2 protein chains.
Amino acid sequence: MTRKLTQRGRDRRLQILREAARLFSERGYHPTSVADIVASLKVGKGVFYWYFPSKEELFVELLRGAHQDLRRRQQAAIGDEPDPVRRIELGIRASMAWFHEHRSSFNLVQFAATEERFAPVVRHNREVAIADAVRHIKDGIVEGRIADQDPGVLAEAVVGVTERLAQAYLLERDEPVDQVADAAVAFCLRGLMG
Amino acid sequence: MTRKLTQRGRDRRLQILREAARLFSERGYHPTSVADIVASLKVGKGVFYWYFPSKEELFVELLRGAHQDLRRRQQAAIGDEPDPVRRIELGIRASMAWFHEHRSSFNLVQFAATEERFAPVVRHNREVAIADAVRHIKDGIVEGRIADQDPGVLAEAVVGVTERLAQAYLLERDEPVDQVADAAVAFCLRGLMG
DNA sequence: GGGCGCCTTGACCGACCGGTCAATCATCTT
DNA sequence: AAGATGATTGACCGGTCGGTCAAGGCGCCC
């Protein structure tokens, strides 16, 4: 049941999504009330419920949107690169850049994973992300460039390193993206090597 | 201001801590009310506030307690092992075992990191954990066994891999601890190698 | 101008939540 | 037996939150 929206309406919608993401990320999902969001936008409460059926659904949309956006960014960066190891490197670098530009999305996912209602969405998103990485890793194993171990485990490890370094050095310490990406790539490629 | 407690009282306290951890982990912190906790224990609400000043403080105690417990476990496992690389391996294995036995603590920390009020505690705990790992990594670099890179970055990477594999394979897929630990150690040691 | 449909307002509602407290019970000490 | 003190009860309170809705404005087309 999607509403008919004019251009003005679509803008408003995006405005709410962005502001909600910002506030959820800064204060947390539960401590941020719908009243906070609309007050921050200087509009009435009804505006929120004109564009979204509930606070919960808006949050799920944020989760799905972030995942889609990150994934598109990774795919764009990888393009048609034939070397699987290089594809992984490009994926890591693209993720770092995206995390840097979408700091708020980080906390959202981390919170969502801890709440029954949102965990399924996070799990699904993660499975997709891992499946993407697994494809390149399998290719690398076939070429003998990557250790012959469970590709799923290797993929989780790579994602773990990337996200952890992003959180610690990009978000908390605000270090240069390239430098952090270099470190992540160096560690991961060594870790993958056969 | 700590209360005088009899043995019975100390037991009750622990009972509340354990039950709260379980419920927070299963449903999330905010969706779990104090009423839920005491109802699950079949006691009156006053019992909770006899032992804890607030829901918030109980949660902080859970965070600090988990960190202390995990750290002790790591230190016990490492003992006086002289080889720094082996110390890191023992630390990873001890962490895996601890995560396996304290599944509920995982979600708590992850949630706490996303909420303003608890984030400082999480950050402090993380700094201590990283500082521990950094010591061994520095030793390894001096011995030429570990790549000469920022030890802090390497430590974060190792912790990232360990926690991610623990979450994905221990908690979500319930695979054997040793197997997951082996995979984490293999990836991390290769990643650290010079 | 007049009507129609997108958009906005904000008072209001029922539910729930964290926390309090006067009263009572239980157990140990003297 | 009689306090004293630890431990427990659950009704109650003020406040907040997600969500509703009747009413009204705003822009566009006939």
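Treat the numbers as computed from the prediction; the structure is a model and nothing was measured. Each chain gets a letter, A, B and so on, in the order the sequences are listed, and its residues count up from 1.
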With the threshold set at 4.0 Å, does a side-chain nitrogen-carboxylate oxygen contact exist between B:Asp182 and B:Arg93?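 Yes, this pair counts.
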
Apply salt bridge (charged side-chain N to carboxylate O under 4.0 Å, His left out) to B:Glu19 and list each qualifying residue two or more places apart in sequence or on a separate chain.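 Counting only residues at least two positions away or on another chain, B:Glu19 forms a salt bridge (charged side-chain N to carboxylate O under 4.0 Å, His left out) with B:Arg22.
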
Protein-nucleotide distance ([X], atom [atom1]; [N], atom [atom2]), rounded to Å:
{"X": "A:Asp11", "N": "C:dC6", "atom1": "CG", "atom2": "C1'", "result": "14 Å"}
{"X": "B:Phe24", "N": "C:dC17", "atom1": "CZ", "atom2": "C1'", "result": "13 Å"}
{"X": "A:Phe48", "N": "C:dG10", "atom1": "CZ", "atom2": "C1'", "result": "16 Å"}
{"X": "A:Arg8", "N": "C:dG5", "atom1": "CZ", "atom2": "P", "result": "17 Å"}
{"X": "B:Gln7", "N": "C:dC28", "atom1": "CD", "atom2": "P", "result": "13 Å"}
{"X": "B:Leu41", "N": "D:dT9", "atom1": "CG", "atom2": "C1'", "result": "15 Å"}
{"X": "A:Phe52", "N": "D:dT20", "atom1": "CZ", "atom2": "P", "result": "15 Å"}
{"X": "A:Asp36", "N": "D:dG15", "atom1": "CG", "atom2": "C1'", "result": "14 Å"}

Looking at [N], I'd like to know if its phosphate oxygens (OP1 or OP2) sit under 4.0 Å from a side-chain N or O belonging to [X].
{"X": "B:Thr6", "N": "C:dT27", "result": "no"}
{"X": "B:Trp50", "N": "D:dT8", "result": "no"}
{"X": "B:Tyr49", "N": "D:dT9", "result": "no"}
{"X": "A:Tyr51", "N": "C:dT8", "result": "yes"}
{"X": "B:Arg12", "N": "D:dT8", "result": "yes"}

Do A:Lys55 and A:Tyr29 form a cation-pi contact, if we require the NZ or CZ to be under 6.0 Å from the six-membered ring centre and within 45 degrees of the ring's axis?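 Yes, A:Lys55 and A:Tyr29 form such a contact.
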
Do other residues, nucleotides or ligands put more than 12 heavy atoms under 6.0 Å from the CZ atom of B:Arg64?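 Result for CZ/B:Arg64: open.
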
Polar pair under 3.5 Å, donor/acceptor by atom type, side chain A:Lys55, base D:dG19: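 Check fails, no donor-acceptor contact within cut-off.
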
Decide whether A:Gln7 and A:Asp11 meet the rule of one side-chain donor and one side-chain acceptor closer than 3.5 Å.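 Indeed, the side chains of A:Gln7 and A:Asp11 share at least one donor-acceptor pair under 3.5 Å.
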
Look only at the side chain of B:Arg190 and the backbone of A:Gly191, and say whether a donor-acceptor pair between them is shorter than 3.5 Å.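 Between the backbone of A:Gly191 and the side chain of B:Arg190 there is a qualifying donor-acceptor contact (under 3.5 Å).
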
Heavy-atom donor-acceptor pair, B:Glu81 side chain to B:Asp83 backbone, under 3.5 Å: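 Judged by distance alone, yes, a pair lies under 3.5 Å.
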
Does any residue of residues 28-35 of chain B have a heavy atom under 4.0 Å from DNA chain C, and if so, which ones, in number order?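 Output list: B:Thr32, B:Ser33, B:Val34.
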
Between B:Gly46 and A:Val43, which has a closest nucleotide on DNA chain C that is more 5'?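 Per heavy-atom nearest nucleotide, the more 5' residue is A:Val43.
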
